[in-house]
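A quick write-up on the structure given underneath.
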Amino acid sequence: MIVKGARVLDGSANAMMKGKGTEDDRPWQSYHTVYTTAKAGMELVDKEKVQRVVYEMSKGSKYFQNEERKEAFIKQKIDNLRIQCANLTQEDLAHYQKVADRRIVELEASRDLSRIWLHVDMDAFYAAVETLSNPTLKGKPMAVGSMSMLSTANYEARKFGVRAAMPGFIARKLCPELIFVPTDFKKYTYYSDLTRKVFGRYDPNFIAGSLDEAYLDITEVCRERNVKSEEIAQELRAGVYEETGLTCSAGVAPNRLLAKVCSDINKPNGQYVLPNDRMAVMTFVSSLPIRKIGGIGKVTEHILKGVFGINTCEQMLEKSSYICAFFSQSTADFFCSVGLGLGQTDSPQVRFRKSISSERTFSATKDEVLLHKKLEELAEMLSADMQKEGLSGRTLTLKLKTASFEVRTRAVTLQKYISSSEDILKHAKKLLQAELPISVRLIGLRVSQFNGDKCSAKSDPTQKTITNFITSGDVNRNCSSFPDVADHDFVSNAETDMSIDSRQTGQLDWRDPFDGNYLSDVDYQSCTVQKSDGVEEVSLSPLVLPYITGFRN
DNA sequence: TACCGAAGGACCC
DNA sequence: CACCAGGGTCCTTCGTCC
């Protein structure tokens with residue numbers, strides 16, 4: 001009965017896009033890839049056609065089959081969550097509503113509208129650089145990358161539906177005229193450095209997100225020069241153009257998460273300013289699709305949409321009781337803060353790399369001699385990179401991608417720190433040996449647990465333990481289950497700083513256990529145990545129904 | 001129970 | 001002709017040891 005209900009829901013959720021029973025006559029509509037969602041410069045693309053071509057080119061391949069497998073897995077997860085959702089009682093809901101409301105009040109209290117953040121994003125960076133060094137490319141559809149994968153495409157190519165993360169052979173099908181240019185990181189780094197010189201004029205401590213984007217705290221420049229953020233953005237973009245001949249887009253907002261969203265709005269060669277005003281932020285966020293938020297990708301979008309009907313950031317708040325019921329606290333915090341339009345506003349920290357790796361794809365083989373040779377090459381490449389960076393580490397991870405695209409990792413942690421190719425190879429061989437025989441299309445090696453990055457936990461386990469027990473997870477909240485440049489930190493800055501700081505200095509000043517946050521954390525815990533008089537009440541703690549839980553059965 | 005290591009994923013560019 | 005990268009970050013779960 002309930003299951004049936006869930007199916008009905010399933011149908012209606014997709015009905016908006018699919019109409020009834022299109023599964024058979026238009027199968028491509030259900031094949032979603034990361035690169036089929038609209039991007040800047042793709043408004044006029046015949047999406048239906050692109051979908052169809054991508055599907056036709058992919059159908060039946062090993063890659064495709066693996067995608068189907070993963071898709072099925074997620075679909076099942078969604079179904080399960082739906083059922084659990086339907087089983088929530090009124091009391092449960094009332095309880096979680098209270099939890100959510102309290103949390104939202106706390107998050108709201110942490111809102112900081114005192115800083116002005118600017119996010120710069122170069123327009124089709126790699127492609128633009130290549131065009132700069134080869135002007136004959138101007139006006140022609142071109143993409144940077146290879147037949148197997150594209151890093152980016154210029155705007156002419158995007159008109160055909162060609163875009164980053166799309167395999168080249170599919171792109172060529174969409175646009176037979178497409179010119180392929182191999183990637184040349186040296187070139188991009190050179191231009192990236194030029195842009196960064198400009199960024200430094202406005203915020204010497206800017207955060208470089210990648211070669212082509214950065215976050216600047218322009219609060220001080222605006223104040224000192226008594227100019228509006230809009231003018232700073234304008235001037236900065238002009239400066240970048242002057243220094244490099246490249247265009248970029250900018251977004252200005254009270255925090256980094258929103259600034260990033262804003263820089264995408266008037267791309268390319270444009271900017272958008274979201275004023276430091278609570279109402280403006282709430283209005284902005286109310287209609288904003290969750291997928292625009294950094295950290296919410298294809299899967300999370302599917303789940304939130306499919307299970308709770310959440311499409312916009314505002315709906316994160318409307319459904320906050322469900323969110324608190326089904327997700328871990330850090331994840332729930334992130335989602336709610338998205339609904340409030342909160343994001344990081346603190347000053348940048350120096351972040352240290354935590355791992356170094358290299359991996360290579362080749363045509364699938366199970367030839368052990370060949371595999372061994374690949375492994376040896378990788379060990380040498382990795383070792384060379386490590387020497388260059390002066391790194392040594394004690395955890396070695398072997399990564400394999402099977403001929404059927406399944407990814408496996410196997411790791412060992414050694415007593416001593418290693419960096420020589422001999423050491424790496426020696427242990428890598430053992431890891432590989434244990435997996436043979438196997439047919440793989442990719443091998444990778446990664447070293448982590450570097451010498452010198454004291455893991456904070458070791459220094460003072462006791463203190464952490466206690467704090468952790470009470471605050472349950474705030475310590476790692478650095479980024480809820482969503483990686484990336486730490487955009488979604490919504491909670492007070494001191495906390496985040498800690499987890500990052502402690503890592504680099506090794507000498508931590510654990511933040512005082514006092515800021516020991518929020519009663520609500522206690523609440524989260526207590527609701528697990530709540531009414532444990534009747535022993536079987538293990539039910540609905542958010543900790544019991546975790547987010548990405550494997551549901552093996 | 002607390003930690004940590006290992007394995008698997010989601011996401012980003 | 002050809003059939004989907006590579007370099008990272010972080011989160012979550014699980015098993016084992018104490």
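The sequence lines fix the lettering, A, B, ..., with proteins before strands; numbering per chain opens at 1.
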So A:R256 and A:D346, salt bridge (charged side-chain N to carboxylate O under 4.0 Å, His left out) or not? Walk me through it. CA-CA 9 Å; A:R256 294 205 290 276; A:D346 61 320; 3.6 Å; yes
Exercise. List the steps and the verdict of salt bridge (charged side-chain N to carboxylate O under 4.0 Å, His left out) for A:R353 and A:E389.
Key: CA-CA 10 Å; A:R353 83 147 84 208; A:E389 303 276 331; 3.7 Å; yes
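Between A:E67 atom CD and C:dA5 atom C1' the separation is 14 Å, expressed in whole Å. Straight-line distance from the CE atom of A:M57 to the C1' atom of C:dC4: 11 Å, rounded to whole Å. The distance from atom CG of A:D264 to atom P of B:dC12 is 12 Å, rounded to the nearest whole Å. Atom-to-atom, CE of A:M386 to P of C:dG7 comes out at 14 Å; the value is rounded to the nearest Å. In this entry the distance linking CZ of A:F327 with P of B:dA10 reads 14 Å, nearest Å. Straight-line distance from the CG atom of A:L445 to the C1' atom of C:dA5: 17 Å, rounded to whole Å. Distance, A:L398 CG to B:dG5 P: 19 Å, rounded to whole Å. In this structure, A:L431 places its CG atom 13 Å from C1' of B:dG5, rounding to the nearest Å.
Residue A:R353 is in sugar-phosphate contact alone, with no base atom involved, counting any heavy-atom pair closer than 4.0 Å across all strands shown. Here A:K70 lies out of heavy-atom contact (under 4.0 Å) with every strand. The residue A:K399 sits apart from the nucleic acid: no heavy atom pair falls under 4.0 Å. Here A:R441 lies in heavy-atom contact (under 4.0 Å) with sugar-phosphate atoms only. Within 4.0 Å (heavy atoms only), A:L150 reaches no atom of the nucleic acid at all. Among the protein residues, A:T397 comes within range of no part of the nucleic acid, since none of its heavy atoms lies under 4.0 Å from any strand.
At the phosphate of C:dA2, neither OP1 nor OP2 sits under 4.0 Å from any side-chain N or O atom of A:S363. For C:dA2, neither phosphate oxygen OP1 nor OP2 lies less than 4.0 angstrom from any side-chain nitrogen or oxygen of A:R172. Phosphate contact (OP1/OP2 of C:dT12, side-chain N/O of A:T331, threshold under 4.0 Å): present. At least one side-chain nitrogen or oxygen of A:R351 sits closer than 4.0 Å to the OP1 or OP2 atom of C:dC10. OP1 or OP2 of B:dG5 sits under 4.0 Å from a side-chain N or O of A:Q449.
Of the two residues contacting DNA chain C, namely A:S358 and A:F64, the nearest-nucleotide position lying further toward the 5' end is that of A:F64. Nearest-nucleotide positions on DNA chain B place A:R69 closer to the 5' end than the other of A:R69 and A:D121. Mapped onto DNA chain C by nearest heavy atom, A:S355 and A:Y63 fall at different nucleotides, with A:Y63 at the one closer to the 5' end.
The two residues A:A124 and A:T152 come nearest to each other via the heavy atoms CA-OG1, 4.0 Å.
Spacing of C1' atoms, B:dC12 relative to C:dC3, comes out at 25 Å, to the nearest Å. Here, B:dC11 and C:dC4 have their P atoms 22 Å apart, quoted to the whole Å.
The listed nucleotides are B:dA10, C:dG6, C:dC4; the one nearest the side chain of A:I170 is C:dC4. Each of B:dA6, B:dA10, C:dG6 was ranked by its minimum atom distance to the side chain of A:V299; first place goes to B:dA10. Across B:dC11, B:dC13, C:dA2, the shortest atom-to-atom separation from the side chain of A:E213 is found for B:dC13. When distances run from any side-chain atom of A:P167 to the nucleotides C:dG6, B:dC13, C:dC4, the shortest one goes to C:dC4. Of all nucleotides listed (C:dC4, C:dG7, C:dG8), C:dG7 comes nearest to the side chain of A:R360. For A:T361, the side-chain atoms get nearest to C:dG6 when compared with the rest of C:dT9, B:dC11, C:dG6. Of the listed nucleotides (B:dG5, C:dA5, C:dG7), C:dG7 has the atom at the smallest distance from the side chain of A:S357. Nearest nucleotide to the A:T300 side chain, out of C:dG6, B:dA6, B:dA10: B:dA10. For A:K260, counting side-chain heavy atoms from C-beta on, the closest listed nucleotide (B:dG5, C:dT9, B:dC13) is B:dC13.
Base pairing of C:dC17: no nucleotide in any strand meets the Watson-Crick or G-U wobble criterion (both distances under 3.5 Å). The partner of B:dG9 is C:dC10, by the rule that a Watson-Crick or G-U pair needs both atom distances under 3.5 Å.
Residues A:Y322 and A:F327 fail the side-chain proximity criterion, which asks for heavy atoms closer than 4.5 Å. Contact of the A:K267 side chain with the A:S263 side chain is not registered, since no non-hydrogen atoms from C-beta on lie closer than 4.5 Å. Using a 4.5 Å heavy-atom cutoff, the side chains of A:L194 and A:L246 are not in contact.
The base of C:dC11 is not paired with the side chain of A:S328 by any donor and acceptor separated by under 3.5 Å.
Residue A:E435 is tested with A:R410, A:K429, A:K401 for a salt bridge (charged side-chain N to carboxylate O under 4.0 Å, His left out); the sole match is A:R410.
A salt bridge is defined here as a Lys NZ or Arg NE, NH1 or NH2 lying under 4.0 Å from an Asp or Glu carboxylate O, and A:E301 with A:K298 fails to meet this definition. Between A:K388 and A:D385 there is a salt bridge, since a side-chain N of the basic residue sits under 4.0 Å from a carboxylate O of the acidic one.
Scanning residues 405-416 of chain A for heavy-atom distances under 4.0 Å to DNA chain B yields A:R408, A:T409, A:R410, A:A411, A:V412, A:T413.
Ring-plane geometry between A:Y126 and A:F185 is classed as perpendicular, the angle between the planes exceeding 60 degrees on a 0 to 90 degree scale with a lower cut at 30.
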